[in-house]
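Keep in mind the model is a prediction, meaning the values are calculated, not measured. Lettering follows sequence order; numbering is per chain, from 1.
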Amino acid sequence: MSELVVETQDLTKKYGNFTAVDGIDLQVRKGEIYGFLGPNGAGKSTTIRMLLGLVKPTRGDARIFGLSIRQSPMEILKRVGAIVESPSYYGNLTAVENLEITRRILGADKKEIDRVLEIVNLSQWKNKKVKNFSLGMKQRLAIAQALLGNRELLILDEPTNGLDPAGIHEIRQLIKNLPGMLGVTVLMSSHILSEVELTATSVGIISRGRLLFQGTLEELRRKSENEICIEAHPQDKALKFLESKGLKVKARGNRLFIKKNSLDAAALNRALVMEGFDVTHLSTEGKNLEDIFLEITGGDAI
Amino acid sequence: MKKMLEVELLKLKNSWVLLVATLAPGFMVFQGVANFLRYYELFTSRGQNVWHQIYLQSSIFYVSAMLPVLITLIMVSIARIEYKSGGLRYFLTLPVKRSGVYAAKLIVGCMVCLFNVLVFSLSLLVAGKIINAPGSIPYDILARPFMAYIASLPVMIITFLLSINISQMAIPLGIGIGLALPSLLVANTRYWVFYPWTYPIMAALGGDFFEKAYFPFAAGFLIFVLLAFAGLRWFMEKDILD
Ligand SMILES: Nc1ncnc2c1ncn2[C@@H]1O[C@H](COP(=O)(O)OP(=O)(O)OP(=O)(O)O)[C@@H](O)[C@H]1O
Ligand SMILES: [Mg+2]
């Protein structure tokens, strides 16, 4: 088991009576890209703000590099680069001046500014005022700021939000290469499943403040094991019959679904026919991640 | 702390607030002197000191309206930089102490206000020289604006706290300017002690013999210290949600 970079216990945030984040236990391992996935309003940004000390947890604690964010925020933040609810910048300053603020606070080397500008491909715009930047350029500047000073953990809140397809592709590619290139760990939030699928190695799924799934992308995919889909008449009787055989059956529309596991579809068919049901359709189906996601989040749209 | 102050100054680069803080007091003196020259006969008919007349003409409007309005503008724009495009929520994810950020911003705000008052004094001096005011320079007219500055400390801390805690700048701007407007009226009533916006007026124009001459400074300093610490505790605890 590899080292945990981020670990939260029962992390909770209430705004008045409303629980925005409800007792979540995140675990982010060293060197991975952790996709923090959830629909709008799920509590991703609130969680990230708590990790960064912007918002005080109502309950619970967050540990980063084994240190508590309540007790040692300075030690932690030195080693963490962050984007919170994308673009944050000082518009009256140039890209270099924005980076200079970060550099001075961190006490990093002057050369760092050029290095990170190079990584995000902003060198040619470095002396332009940031308020005149396009959204994509602002986002790249934000990533450059997060990278400055060789930080070990990047916490990126919806880093591709609002970008055009080319920009999305570029940023995803950049993020994907970061652990290999710089050895950093990345915690990245998103409300787009395919984005997490394309970039992340681990996933945490949050909905209405609760963490509903956490594991590797592989583990998530494994949930998509096949189902047997049956159309048999009369349906209600067929359902009762299958359940009497100890099977877990779900009816959706005019079809019945059974987890395949080690079940033999042919044997099932034979049993139904022998019992006198009309079987008009029988197939085995794989769910895609979208279905799994919808199932996990209880149908919250993404 | 030096690093924090440098960073706060860097953030102000290209901001119009420094320009306004420089030009406005000079303009005020120019106005005052123009007024004085227009009614030269009237203002000197009883042999009044020309320097003092320039001072009076320039400072009535300056301390009663322009100074508090400028203070509001300065404090609001120092906070505005942070809220306009998420600067604060980024900056506070850097390894900085919130108390340090708060202190650096307050100090820079007060320094820009002081700068503005110094420009006013300097403008008086230059204006007096230009119109060849007779006699030696009465240095109290240079000290007075500085006293008005000290008496403005409550205005500074109140507008600072409103600005830094409220991300919509219209609110601190409205309150700051709204409270500045009636100050000259209130200054003529005995309720002025309850209205910190009158303190600079009393300090600058109150004369040496008004009762409680010490009051604007003592109360002003006390209010500043109390509110500065209360505001600091608040800022350190507050959730950054913008
Ligand atoms: N200051 C606040 N007061 C009250 N409720 C809030 C506050 N901030 C956020 N919320 C609520 O908390 C919930 C979680 O918000 P959060 O911004 O963390 O969601 P999110 O997952 O980042 O969503 P999005 O994808 O839209 O960015 C939302 O329902 C939001 O309305
Ligand atoms: Mg969000």
Asker: Does NZ belonging to B/Lys3 count more than 12 external heavy atoms closer than 6.0 Å?
Answerer: yes

Asker: Highest number of heavy-atom pairs under 4.5 Å with chain B: which of A/Asn98, A/Leu77, A/Val130?
Answerer: A/Leu77

Asker: Is it the side chain or the backbone of A/Pro87 that comes within 4.5 Å of chain B heavy atoms, both, or neither?
Answerer: backbone

Asker: CD1/A/Ile101 to CD/B/Glu6 distance, rounded to the nearest 0.5 angstrom?
Answerer: 12.0 Å

Asker: Return the CG to OG1 distance between B/Leu94 and A/Thr102, rounded to the nearest 0.5 Å.
Answerer: 5.0 Å

Asker: Which side chain to side chain donor-acceptor pair (under 3.5 Å) pairs, counting each pair once, include a residue from residues 73-84 of chain B, with sequence neighbours left out?
Answerer: A/Tyr90-B/Glu82, B/Lys11-B/Glu82, B/Glu82-B/Lys105

Asker: With a cut-off of 6.0 Å (strictly less than), are more than 12 heavy atoms of other residues, nucleotides or ligands near CZ of A/Arg70?
Answerer: yes

Asker: Should we say atom CZ of B/Arg98 is surrounded by more than 12 heavy atoms from elsewhere, each under 6.0 Å from it?
Answerer: yes

Asker: Taking A/Asn92 for its side chain and B/Asn14 for its backbone only, find out whether a donor-acceptor pair lies under 3.5 Å.
Answerer: no

Asker: Flag the one option from B/Ser15, B/Gly87, B/Ser85 with the top tally of heavy-atom pairs under 4.5 Å to chain A.
Answerer: B/Ser85

Asker: Is atom OH of A/Tyr15 surrounded by more than 12 heavy atoms (other residues, nucleotides or ligands) closer than 6.0 Å?
Answerer: yes

Asker: Is A/Arg151 close to chain B through its backbone or its side chain, or both, or neither, when contacts mean heavy atoms under 4.5 Å?
Answerer: side chain

Asker: Does B/Trp234 have more than 12 heavy atoms from other residues, nucleotides or ligands lying within 6.0 Å of its CH2?
Answerer: no

Asker: Which atoms of B/Leu241 come close to chain A, meaning under 4.5 Å heavy atom to heavy atom: side chain ones, backbone ones, both, or neither?
Answerer: both

Asker: Kindly give the heavy-atom pair with the smallest separation between B/Gly86 and A/Ser88, and that separation in Å.
Answerer: O-CB, 3.0 Å

Asker: Of A/Leu51, A/Ile48, A/Val84, which meets side-chain contact (heavy atoms from CB on, under 4.5 Å) against B/Thr93?
Answerer: A/Val84

Asker: Under a 4.5 Å heavy-atom cut-off, does chain A meet the side chain of B/Lys238, its backbone, both or neither?
Answerer: backbone

Asker: Restricting to non-hydrogen atoms, name the atom on A/Lys56 and the atom on B/Asp239 that form the minimum distance, rounded to 0.1 Å.
Answerer: N-OD1, 2.9 Å

Asker: Side chain, backbone, both or neither: which part of A/Glu75 has a non-hydrogen atom closer than 4.5 Å to chain B?
Answerer: neither

Asker: Return yes when atom CE of B/Met111 has more than 12 non-hydrogen atoms of other residues, nucleotides or ligands closer than 6.0 Å, and no otherwise.
Answerer: no

Asker: Report which part of A/Lys129 has an atom under 4.5 Å of a heavy atom belonging to chain B: side chain, backbone, both, or neither.
Answerer: side chain

Asker: Is the number of heavy atoms from other residues, nucleotides or ligands within 6.0 Å of CD (A/Glu118) greater than 12?
Answerer: no

Asker: Side chain, backbone, both or neither: which part of A/Lys13 has an atom under 4.5 Å from a heavy atom of chain B?
Answerer: side chain

Asker: Where does A/Arg49 contact chain B at under 4.5 Å (heavy atoms): side chain, backbone, both or neither?
Answerer: side chain

